[in-house]
Protein chains: 2
Amino acid sequence: MFEQFKDKFNLDERKWNEYLSCFHRMEVASKTTLLAEGKVSKKMFVIEKGCIRAWLNNNGKDITAQFFFEGESVGSIESFMKNIPSPITIETIEPSILWMINKTDLDRMLSEIKEIPHLRDMFINKIFERTFDYMKYFFSSIRDTPQQRYLDLIKDRPQIVKRVPQHYIASYLGITTVHLSRIKSKLAKGD
Amino acid sequence: MFEQFKDKFNLDERKWNEYLSCFHRMEVASKTTLLAEGKVSKKMFVIEKGCIRAWLNNNGKDITAQFFFEGESVGSIESFMKNIPSPITIETIEPSILWMINKTDLDRMLSEIKEIPHLRDMFINKIFERTFDYMKYFFSSIRDTPQQRYLDLIKDRPQIVKRVPQHYIASYLGITTVHLSRIKSKLAKGD
DNA sequence: TGATGACGATAACATTTGTTATCAAATTAA
DNA sequence: TTAATTTGATAACAAATGTTATCGTCATCA
């Protein structure tokens with residue numbers, strides 16, 4: 001799972017193994033809640049296999065905020081960093097294999113990493129990339145129609161369309177399932 | 001302008017003055033373009049007085065992506081960091097007093113700052129805060145109605161409603177000026 | 001095996017939002 | 001100051017999107 005990062009991290013064998021041992025493998029069923037809204041996040045997860053969504057509660061209706069797939073890391077960064085109640089719930093969509101790391105371990109790991117220039121820069125770039133992603137989503141949400149955003153999803157994140165139930169996709173696009181159904185049938189008829 | 005940060009930065013007098021001298025004061029008229037879409041950003045600005053917007057072109061129509069006021073720093077971070085064409089245009093709304101810094105100076109400053117733990121952490125926190133902001137905007141855009149987002153704007157960022165022409169606000173909310181007008185008159189009649 | 005619930009399509013109707021056009025007030029430029 | 005231009009409100013109509021309800025298919029589970 002983590003072998004692919006070994007060269008990139010370029011740590012001595014001992015340190016690398018120490019970091020590896022912080023991650024704990026776990027297998028979970030679909031619809032498992034990994035973090036509940038309102039709880040303070042003390043764990044992060046890396047996905048080996050499966051698919052996860054983050055959602056927020058809006059007077060009873062759940063709004064999907066984000067999807068995660070193999071290789072991605074998942075958690076409420078805001079809750080995790082600031083020690084505040086999580087605004088989102090994190091839940092598996094498929095049965096999944098995850099690698100869990102505790103906040104205490106990750107905090108220690110990060111504070112060490114921040115002293116190593118090339119890893120520090122990797123970390124900062126990672127944060128920037130996430131910022132750029134959210135900017136893109138926000139801009140798209142005020143600029144594009146739901147149909148356009150659905151087409152973008154098909155093009156840029158085909159995984160989502162293939163593996164995720166449609167009502168989650170609809171709420172992620174900010175529309176109803178009925179409307180998404182209409183968009184699909186309209187597209188099927190040839191634009 | 002920058003005195004307020006002196007304690008927080010906690011640098012020796014010589015370094016502090018060296019950094020200060022990188023910023024150049026400029027006064028510009030309203031509707032001045034500070035960065036045009038498609039150009040690679042080589043400058044960042046800090047606002048002493050005035051108000052600025054960032055917008056993107058969408059087949060001729062401009063969509064306002066963000067507003068900036070006194071004390072905030074402005075630029076296309078993505079263009080600036082990655083040396084790519086800017087996806088946005090940055091333009092003053094009011095006559096403004098700005099402090100400009102060149103990329104070469106800022107790059108040098110940042111690489112020095114990244115070696116000083118408390119400044120590095122301030123920098124990383126700053127990036128995280130920006131990420132959390134965009135997350136919030138994105139979530140709100142798929143969760144809330146335009147009317148709710150307008151009410152949030154009044155509550156959270158009253159500056160915008162007071163100082164910014166209405167058609168910019170409308171495009172920032174992702175709606176037309178006509179619709180924003182309707183929302184306002186509906187609210188004026190008592191919800 | 002059968003029952004149950006999750007998922008998705010569709011129809012009919014309601015509401016929201018966009019489009020175009022017109023007018024008035026405020027601001028800016030000549 | 002006068003003439004443009006910008007800004008904002010409103011009306012009438014069109015298009016997009018939401019709501020509620022119904023139905024069929026499929027997976028799950030007892």
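Chain A is the first sequence line, chain B the second, and so forth, proteins listed ahead of strands; every chain is numbered from 1.
If you take CG of A/L187 and P of C/dA9, they are 12 Å apart, rounded to a whole angstrom. Whole-Å rounding puts the A/Q148 CD to D/dT17 P distance at 12 Å. To the nearest angstrom, P of D/dA11 lies 16 Å from NE2 of B/H179. Between B/D144 atom CG and C/dT16 atom P there is a gap of 16 Å when expressed in whole angstrom units. Here D/dT19 presents its C1' atom at 15 Å from CD1 of A/I175, a figure rounded to the nearest Å. Per the geometry, CD1 belonging to A/I183 stands 15 Å off C1' belonging to C/dT10, to the nearest Å. The nearest whole Å value for the distance from the NZ atom in B/K186 to the P atom in C/dT15 is 12 Å. Following rounding to the nearest Å, A/N58 (CG) and D/dG18 (P) show an atom-to-atom distance of 13 Å.
In terms of heavy-atom proximity, A/T32 sits nearest to A/A29 at OG1-O, 2.6 Å. The minimum heavy-atom distance between B/H24 and B/S21, with the atom names listed, is CE1-O, 3.8 Å.
B/W55 and A/I142 sit in two unconnected hydrophobic clusters of ILVMFWY residues. Membership requires side-chain heavy atoms under 4.5 Å apart, directly or through other members. A continuous path of hydrophobic side-chain contacts links A/I88 to A/F80 [ILVMFWY only; heavy atoms under 4.5 Å].
At a cut-off of 3.5 Å, with distance as the only test, a side-chain donor of A/Q148 or A/D152 sits close to an acceptor on the other residue. Side-chain contact annotation: A/S171 with A/T64, donor-acceptor N/O pair under 3.5 Å present.
Position along DNA chain D of the nearest nucleotide to B/L180 versus A/L180 favours B/L180 as the more 5'-ward residue.
Taking the ring centre of B/Y168 as origin, the terminal cationic atom of B/R53 falls inside the region bounded by 6.0 Å and 45° from the ring axis.
Ring pair B/Y172/A/F138 is perpendicular by interplanar angle, where above 60° counts as perpendicular and below 30° as parallel. In this pair, B/F67 and B/F69 present their aromatic rings tilted. The plane angle is within the 30 to 60° band. Classification of the A/F2-A/W99 ring pair by plane angle, with boundaries at 30° and 60°, yields perpendicular.
Side-chain proximity of A/S185 to C/dG18, D/dG18, C/dT10: nearest is C/dT10.
Applying the side chain to side chain donor-acceptor pair (under 3.5 Å) criterion to A/D133, with sequence neighbours excluded, gives no partner residue.
Sorted by first and then second residue, the side-chain hydrogen bond (donor to acceptor under 3.5 Å, both in side chains) pairs involving residues 68-80 of chain B (not counting sequence neighbours) are B/K49-B/E70, B/E70-B/R163, B/E78-B/K82.
Judged by distance alone, the side chain of A/K31 and the main-chain N or O of A/E91 form no donor-acceptor pair under 3.5 Å.
From one end of the helix from C/dT1-D/dA30 to C/dA30-D/dT1 to the other, with five pairs defining each end axis, the axis direction shifts by 50° (rounded to 10°).
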Identify each atom pair where a protein N or O and an N or O of nucleotides 21-29 of chain D are less than 3.5 Å apart, giving names and distance.
none

What are the atom names and distances for every N/O pair under 3.5 Å that joins the protein to nucleotides 23-26 of chain C?
none

Taking N or O atoms only and anything under 3.5 Å, show me the protein contacts with nucleotides 3-8 of chain C, one pair per line.
residue	atom	partner	partner atom	Å
C/dC7	OP2	A/H167	NE2	3.2
C/dG8	OP1	A/Q166	N	3.2
C/dG8	OP2	A/Q166	N	2.6

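How far CG of A/L110 is from NZ of A/K103: 9.0 Å, rounded to the nearest 0.5 Å.
One N or O donor and one acceptor, one from the side chain of B/R182 and one from the base of C/dG18, sit under 3.5 Å apart.
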